[in-house]
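FYI, side chains are in, hydrogens and waters are out, and symmetry mates aren't considered; it's all heavy atoms of this structure.
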Amino acid sequence: MNVFLLQITCPGVLLKDKEELYLSVSILGQYKKTRCVPAAFPLFFQEKLVFEKTFANIVDPGDLVELLEVDTAVLELIQLVPPVGEILATYEENTRDFLFPDPKLTCRHHGIDREILMKRSSYFTGIAPKLRFSTSSLITESLLSSGRSHVQVSII
């Protein structure tokens, strides 16, 4: 599975602290983060985070869908304010809906150039930040050495 993070916009908002920010992403029990960017909106990431997960006991696509529905994708905008950093905004959604959003009336391709509003924390003053991103997923089936098959989800 791939998550391509483009930018975060928040028109008219100036951050009181000038320390750098990054975006953390947690999906399928894996945690990745972007490089740090200067503390001025819009925040330009232009970064691809790659997630891979093998499910040894899943052979039915319906079982994979159920697993994705109970997993939660969590994105956090974090500023490096000492001593441990401050979470400025978050976004949480079940992984299935995050990767495969409901069809829209427009002719966009799934996962391409999506926008979501993040939820502001008490540390963040101003309007809710908007994250622009895209996702792509590759689901493959492979054989285990025992002759049984399993599903591998590659998030790039």
Side-chain angles (χ1 to χ4, degrees), residues 1-10 19-39 41-104 108-124 128-146 148-156:
M1 170 185 357
N2 297 315
V3 178
F4 187 57
L5 303 165
L6 300 170
Q7 69 181 17
I8 294 180
T9 58
C10 203
E19 285 84 359
E20 292 184 320
L21 298 105
Y22 67 92
L23 193 67
S24 72
V25 180
S26 179
I27 299 175
L28 298 172
Q30 298 176 37
Y31 170 84
K32 309 266 180 169
K33 67 180 192 175
T34 65
R35 62 180 167 67
C36 291
V37 296
F41 289 105
L43 307 174
F44 293 102
F45 293 102
Q46 303 293 319
E47 195 165 339
K48 179 171 64 170
L49 302 180
V50 179
F51 298 84
E52 275 192 42
K53 179 89 175 187
T54 300
F55 300 98
N57 297 322
I58 294 193
V59 294
D60 184 313
D63 293 339
L64 178 60
V65 169
E66 287 178 13
L67 195 140
L68 294 175
E69 287 175 344
V70 298
D71 187 69
T72 302
V74 179
L75 292 84
E76 296 178 320
L77 178 62
I78 300 172
Q79 189 168 28
L80 297 173
V81 177
V84 294
E86 291 179 348
I87 298 172
L88 300 182
T90 59
Y91 181 80
E92 291 186 27
E93 185 172 31
N94 77 64
T95 301
R96 178 181 184 249
D97 291 342
F98 178 72
L99 294 176
F100 310 107
D102 290 333
K104 306 290 187 238
R108 290 187 178 179
H109 298 287
H110 287 291
I112 304 296
D113 285 342
R114 294 176 42 212
E115 293 179 340
I116 55 173
L117 286 178
M118 300 182 79
K119 183 178 178 183
R120 298 176 301 128
S121 75
S122 60
Y123 297 108
F124 189 80
K130 181 170 41 174
L131 171 63
R132 201 170 127 237
F133 69 102
S134 63
T135 62
S136 64
S137 302
L138 173 65
I139 300 173
T140 60
E141 182 178 7
S142 59
L143 292 177
L144 296 173
S145 59
S146 66
R148 293 184 29 206
S149 65
H150 73 281
V151 174
Q152 178 171 339
V153 176
S154 299
I155 299 173
I156 301 168

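- Smallest separation of non-hydrogen atoms from D113 and R132: OD1-NH2, 3.8 Å.
- For the pair R114 and T135, the minimum side-chain heavy-atom distance is below 4.5 Å.
- The heavy-atom pair separating F4 from Q46 by the smallest distance is CE1-C, 3.8 Å.
- Heavy atoms from other residues, nucleotides or ligands lying under 6.0 Å from OH of Y123 number 12 at most.
- Under the 4.5 Å side-chain criterion, counting only non-hydrogen atoms from C-beta, V37 is not in contact with L23.
- Residues L75 and M118 approach most closely at O-CE, 3.9 Å, considering heavy atoms.
- Within 6.0 Å of NZ on K130 lie no more than 12 heavy atoms contributed by other residues, nucleotides or ligands.
- A heavy-atom distance below 4.5 Å is not found between the side chains of I8 and L21.
- Under the 3.5 Å distance criterion, the side-chain polar atoms of S121 are matched with a main-chain donor or acceptor of L88.
- How far NZ of K53 is from OG1 of T95: 10.5 Å, rounded to the nearest 0.5 Å.
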_side-chain contact (heavy atoms from CB on, under 4.5 Å) for T72 and E93? Distances and angles first, verdict last._
CA-CA 6 Å; T72 302; E93 185 172 31; over 6 Å; no
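- Contact detail for Q79 and A39: the closest heavy-atom pair is NE2-CB, 3.7 Å.
- Closest approach of I27 to F51, counting heavy atoms only: O-CD2, 4.1 Å.
- Between L77 and Y91, the closest side-chain pair of non-hydrogen atoms is not below 4.5 Å.
- Looking at S137 and F100, their side chains come closer than 4.5 Å, going by heavy atoms from C-beta outward.
- Side chain of Q30 to backbone of E52: a donor-acceptor contact under 3.5 angstrom is found.
- From E115, atom CD reaches atom CG of L6 across 9.5 Å, with rounding to the nearest 0.5 Å.
- Nearest approach of I78 to S24, heavy atoms of both residues: CD1-OG, 3.9 Å.
- Listed by chain and residue number, nothing satisfies the salt bridge (Lys or Arg N to Asp or Glu O under 4.0 Å) test with R120 (two or more places apart in sequence, or in another chain).
- F133 CZ to Q7 CD: the interatomic distance, rounded to the nearest 0.5 Å, is 13.0 Å.
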Show me, pair by pair, the donor-acceptor contacts under 3.5 angstrom made by side chains of residues 61-68, not counting sequence neighbours?
none

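- Between the side chain of R35 and the main chain of F45, a donor-acceptor pair closer than 3.5 Å is present.
- At a threshold of 4.5 Å between non-hydrogen side-chain atoms, the residues C36 and L80 count as touching.
- The shortest side-chain heavy-atom distance between E19 and P82 falls under the 4.5 Å cut-off.
- Note that the OH atom of Y22 and the CG atom of L43 stand 13.5 Å from one another [nearest 0.5 Å].
- T9 is not listed as a side-chain neighbour of F41, based on a closest heavy-atom distance of 4.5 Å or more.
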